[in-house]
Amino acid sequence: MSLPASYPTTRWVRSNNGKIAGVCEGLAKRLGIDSWILRVILILAAFCFFTGPLLYLGLAISLPREDRIPEAYDSMVLGVCAKISRRADIEVGIVRFGMLFLLLTSMGFVALAYIVIYFVMPDANQIKPN
């Protein structure tokens with residue numbers, strides 16, 4: 001599937017045919033390893049302060065499915081992650097996962113920064129070339 005030029009090349013995706021949400025299958029394809037290795041790591045991480053299921057859930061929310069990449073760049077909540085992704089040429093799933101992680105660890109500061117970025121950052125198509 002070819003994406004328009006305004007989309008970064010997305011490789012961090014969830015698989016369509018994974019066991020639960022396709023996170024391990026998609027990451028395994030990206031990293032070039034077997035998916036069972038990632039599943040074992042996440043199960044072991046479940047015994048470490050419940051980080052495995054939290055990480056899996058965060059990635060399942062953040063990463064787009066491989067058949068829905070163009071829709072992933074549509075606005076979800078104000079469209080800030082999509083703007084940052086286009087502007088910095090970073091995959092949208094990585095930006096969303098970073099925002100989700102910062103939101104959970106910053107005690108709400110990132111929510112305020114998210115709203116400020118929405119009003120301050122122009123859309124990628126509004127930027128005038130030099």
Side-chain angles (χ1 to χ4, degrees):
M1 169 160 122
S2 64
L3 294 173
S6 62
Y7 297 113
T9 306
T10 300
R11 292 177 305 271
W12 294 94
V13 294
R14 293 183 297 134
S15 176
N16 298 337
N17 53 1
K19 297 287 183 198
I20 299 175
V23 172
C24 292
E25 187 76 28
L27 292 178
K29 285 180 188 175
R30 169 70 168 115
L31 298 173
I33 60 175
D34 291 331
S35 59
W36 69 268
I37 295 171
L38 290 176
R39 289 185 183 111
V40 168
I41 290 171
L42 284 174
I43 290 170
L44 292 175
F47 297 109
C48 226
F49 302 110
F50 206 63
T51 55
L54 292 176
L55 180 65
Y56 189 90
L57 182 63
L59 289 170
I61 292 170
S62 304
L63 295 179
R65 276 189 19 198
E66 60 190 351
D67 63 339
R68 295 187 180 162
I69 293 172
E71 292 90 4
Y73 287 91
D74 293 341
S75 296
M76 286 189 161
V77 179
L78 301 178
V80 172
C81 292
K83 283 183 187 178
I84 292 172
S85 173
R86 285 189 185 111
R87 181 107 184 235
D89 198 28
I90 301 172
E91 298 175 22
V92 72
I94 301 297
V95 175
R96 285 192 176 123
F97 183 74
M99 282 289 196
L100 181 63
F101 177 77
L102 290 173
L103 180 65
L104 295 175
T105 59
S106 71
M107 294 184 228
F109 174 74
V110 170
L112 179 63
Y114 189 88
I115 293 170
V116 170
I117 290 171
Y118 171 72
F119 289 109
V120 173
M121 181 182 258
D123 288 333
N125 56 2
Q126 293 177 346
I127 299 171
K128 297 176 185 173
N130 291 331

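From a predicted model like this one, the values you see are computed outputs, not experimental measurements.
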Arg30 and Val13: side chain to side chain contact (heavy atoms under 4.5 Å, CB included), yes or no, with the steps?
CA-CA 8 Å; Arg30 169 70 168 115; Val13 294; over 6 Å; no
Given the rule that I, L, V, M, F, W and Y join up when any side-chain heavy atoms are under 4.5 Å apart, are Val95 and Leu102 in one cluster?
yes
Do you reckon Leu57 sits in the same ILVMFWY cluster as Phe49, going by side-chain contacts under 4.5 Å, direct or chained?
no
Starting from the C-alpha separation in whole Å, work towards a yes-or-no answer on salt bridge (Lys or Arg N to Asp or Glu O under 4.0 Å) for Glu71 and Arg65.
CA-CA 10 Å; Glu71 292 90 4; Arg65 276 189 19 198; over 6 Å; no
Donor-acceptor list for residues 111-121 side chains, cut-off 3.5 Å, not counting sequence neighbours:
from	atom 1	to	atom 2	distance (Å)
Tyr114	OH	Val77	O	2.4

Backbone N/O of Leu63 and side chain of Arg14: donor-acceptor pair under 3.5 Å
yes
So which pairs with a foot in residues 45-55 pass salt bridge (charged side-chain N to carboxylate O under 4.0 Å, His left out), sequence neighbours left out?
none
The reported gap from CD1 in Ile37 to CD1 in Ile41 (rounded to nearest 0.5 angstrom) is 7.0 Å
In terms of hydrophobic clusters joined by side-chain contacts under 4.5 Å, are Val80 and Leu104 together?
no
Show every side chain to side chain donor-acceptor pair (under 3.5 Å) that has at least one partner inside residues 38-60, sequence neighbours left out.
Ser35-Arg39
Should Leu27 and Ile33 be regarded as members of a common hydrophobic cluster, given that ILVMFWY residues are connected when their side-chain heavy atoms come within less than 4.5 Å of each other, either directly or indirectly?
yes
Contacts of Phe97 meeting side-chain contact (heavy atoms from CB on, under 4.5 Å) (sequence neighbours excluded), chain-then-number -> Leu55, Leu59, Ser62
Working to the nearest 0.5 Å, report the span between CG of Asp89 and CD of Glu91.
9.0 Å
Leu42 and Cys24 have their tightest heavy-atom pair at CD1-SG, 3.4 Å
Sequence neighbours excluded - salt bridge (charged side-chain N to carboxylate O under 4.0 Å, His left out) pairs with any residue from residues 97-114
none
Which residue pairs pass the salt bridge (charged side-chain N to carboxylate O under 4.0 Å, His left out) test when at least one of the two sits in residues 97-120, sequence neighbours left out?
none
Side-chain hydrophobic cluster, 4.5 Å single linkage: members besides Leu54
Phe50
Same cluster or not: are Leu31 and Val40 linked, directly or through other Ile, Leu, Val, Met, Phe, Trp or Tyr residues, by side-chain heavy atoms under 4.5 angstrom apart?
yes
Which residue pairs satisfy the salt bridge (charged side-chain N to carboxylate O under 4.0 Å, His left out) criterion with at least one member in residues 93-121, sequence neighbours excluded?
none
